[in-house]
Amino acid sequence: MTDKVSMSSSPALMVGPNFRVGKKIGSGNFGELRLGKNMYNNEHVAIKLEPIKTKAPQLNLEYRFYKIMGPREGIPKVYHIGICGGRYNALVMELLGPSLEDLFNLLQSPFSLENGTDDSRSTKEYIDEDTNKHIPYREHKSLTGTARYMSINTHLGREQSRRDDLEAIGHMFIYFLRGSLPWQGLKADTLKERYQRIGDTKRATPIETLCDGHPEEMSIYLRYVRKLEFFETPDYQYLRNLFKELFVKRGFVDDGVFDWTGQYNVDNTNDQ
């Protein structure tokens, strides 16, 4: 199990020469997300913290992903990566707006179908930076990612590639449309057993049942990505067109208005 961050939000706790650590604003398997402040210009930032002794460190990988993805709307700028308090790895980045989960909880209801986005960016680095070749297939890997969304192959300990990112995105789509997933809330004595139960439930839940009551494009998408081979290049254009054509078929308009528009106000000025 990944260690959880447990510490005081003392204003004296710093990352690098100028980033002060503030209050907790989120958490996950990685550790904690803290509000921070750049003491040189008083701008607020987000600071992710994970214990240095964690068995599966992720912040350096996340830092590399942000650099690869480059400047892009919705992708935070990274200001610093280093050590915090001698006990934690720290990633300092731009403070963006609320997450999809924040907005989902705000609305207290599933998102409407029109709320979908078009983004095929992958979150798994599938090209080895040393050899410039596709990463090799491996088994018996430790689990990386959010158990709610991760692919079935990830649960089985198989190396992740593009197919697994796409499947995880599909699970996220269905979560926001349904409001929940069949494998949520499963109880177990240990984290390992809980992950096993989640994986078993994913495999046992037919795609048709998972997507029942929603457009057939959701089922088509999941069937396609789950059949992909490890080294296979997904047909991204085909997948984009599935949802673009659905968007047109339903008569939706790309007006920039979402379910939560005008409903979320956040004040990030209090970081203590």
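- Using a 4.0 Å cut-off between charged side-chain N and carboxylate O, Glu159 and Arg138 make a salt bridge.
- Sparse packing is recorded around CD of Glu229, with 12 or fewer heavy atoms of other residues, nucleotides or ligands lying under 6.0 Å away.
- How far CD1 of Ile152 is from CG of Leu156: 7.5 Å, rounded to the nearest 0.5 Å.
- To the nearest 0.5 angstrom, Thr205 atom OG1 is 12.0 Å from Ile174 atom CD1.
- Asp164 places none of its side-chain heavy atoms less than 4.5 Å from the side chain of Met150.
- Note on ring orientation: taking the six-membered ring where Trp is involved, the planes of His171 and Trp183 are perpendicular (angle over 60°, cut-offs 30° and 60°).
- Contact annotation: the side chain of Leu91 approaches that of Met93 to within less than 4.5 Å [non-hydrogen atoms, C-beta and beyond].
- Taking the six-membered ring for Trp and the full ring otherwise, the centers of His214 and Phe173 sit at least 6.0 Å from each other.
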* Go through Glu62 and Lys48 one step at a time and tell me if the salt bridge (Lys or Arg N to Asp or Glu O under 4.0 Å) criterion holds. => CA-CA 10 Å; Glu62 185 170 343; Lys48 272 192 171 184; 3.0 Å; yes
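- Note: Phe19 and Tyr79 have parallel aromatic rings, judged against thresholds of 30 and 60 degrees for the angle between ring planes.
- Note: Met172 CE to Leu181 CG = 11.0 Å, rounded to the nearest 0.5 Å.
- Residues Lys244 and Asn241 have side chains in contact (heavy-atom distance under 4.5 Å, counting atoms from C-beta outward).
- No more than 12 heavy atoms of other residues, nucleotides or ligands lie within 6.0 Å of CZ in Arg194, so this atom counts as exposed by the packing criterion.
- Using a 4.5 Å cut-off on side-chain heavy atoms (C-beta onward), Tyr66 and Pro76 make contact.
- Summarising the geometry, atom CD belonging to Glu245 is positioned 13.5 Å from atom CZ belonging to Arg250; distances are rounded to the nearest 0.5 Å.
- Of all the heavy atoms in Arg162 and Thr233, the pair that sits closest is NH1-OG1, 3.3 Å.
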* Intermediate values then yes/no, ring pair (Phe, Tyr, Trp, His ring centres under 6.0 Å), Tyr137 and Phe231 -> CA-CA 8 Å; Tyr137 176 77; Phe231 293 101; 7.5 Å; no
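- No salt bridge links Arg223 with Glu216; every basic N to acidic carboxylate O contact stays at or beyond 4.0 Å.
- Following chains of ILVMFWY side-chain contacts shorter than 4.5 Å, one cannot reach Ile83 starting from Ile81, and the two form parts of different hydrophobic clusters.
- Taking 4.5 Å as the limit, every side-chain heavy atom of Asp212 sits out of range of all side-chain heavy atoms of Thr209.
- In this structure, Leu177 and Pro110 have side chains that are not in contact, with every pair of non-hydrogen atoms separated by 4.5 Å or more.
- Taking OG of Ser219 as the start and CD of Glu208 as the end, the distance is 5.5 Å to the nearest 0.5 Å.
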* **Test side-chain contact (heavy atoms from CB on, under 4.5 Å) applied to Met218 and Leu113, step by step** => CA-CA 11 Å; Met218 298 298 170; Leu113 183 62; 3.8 Å; yes
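- Although no hydrogens or angles enter the test, the distance criterion places no donor-acceptor pair under 3.5 Å between the side chain of Thr146 and the main chain of Arg148.
- In this pair, Tyr221 and Phe243 present their aromatic rings tilted. The plane angle is within the 30 to 60° band.
- Two residues are said to be in side-chain contact when any heavy atoms from C-beta on lie closer than 4.5 Å; Tyr63 and Asn89 fail this criterion.
- Residues Glu217 and Lys249 are paired through a salt bridge, judged by an N-O separation under 4.0 Å between the basic side chain and the carboxylate.
- Outside the 6.0 Å centre-distance limit, the rings of Phe258 and Phe111 are not counted as a close aromatic pair.
- At a threshold of 4.0 Å, the pair Asp200-Arg197 does not count as salt-bridged, since none of the basic side-chain nitrogens sits closer than that to a carboxylate oxygen.
- Around CG of Asn132, the count of heavy atoms belonging to other residues, nucleotides or ligands within 6.0 Å does not exceed 12.
- Between Glu43 and Lys37, no side-chain nitrogen of the basic residue sits less than 4.0 Å from a carboxylate oxygen of the acidic one, so the salt-bridge criterion is not met.
- Rounding to the nearest 0.5 Å gives a distance of 12.0 Å between CD1 of Ile68 and CD1 of Ile75.
- The minimum heavy-atom distance linking Ala147 with Tyr195 is given by the pair CB-CE1, 3.3 Å.
- When side chains are defined from C-beta on, Met14 does not count as touching Pro17, because their heavy atoms never get closer than 4.5 Å.
- For Ile47 against Arg20, the heavy-atom pair with the smallest separation is CD1-O, 3.9 Å.
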* With side-chain contact (heavy atoms from CB on, under 4.5 Å) as the test, would you mind laying out the steps for Ser151 and Arg158 before giving the verdict? => CA-CA 10 Å; Ser151 71; Arg158 297 165 180 164; over 6 Å; no
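- Across all their heavy atoms, Leu49 and Ala90 have their closest contact at CD2-CB, 3.6 Å.
- In terms of hydrophobic clustering, with Ile, Leu, Val, Met, Phe, Trp and Tyr side chains grouped at heavy-atom distances under 4.5 Å, Val225 and Tyr236 are assigned to a common cluster.
- Between Tyr175 and Tyr149, the ring planes lie perpendicular to each other; the angle is over 60°, past the 30° to 60° tilted range.
- Across all their heavy atoms, Ala46 and Leu33 have their closest contact at CB-CD1, 4.0 Å.
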* I would like to know whether Phe230 and Asn153 meet side-chain contact (heavy atoms from CB on, under 4.5 Å); could you show each step before the answer? => CA-CA 10 Å; Phe230 176 75; Asn153 280 309; over 6 Å; no
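- The heavy-atom pair separating Gly170 from Leu222 by the smallest distance is CA-CD2, 4.1 Å.
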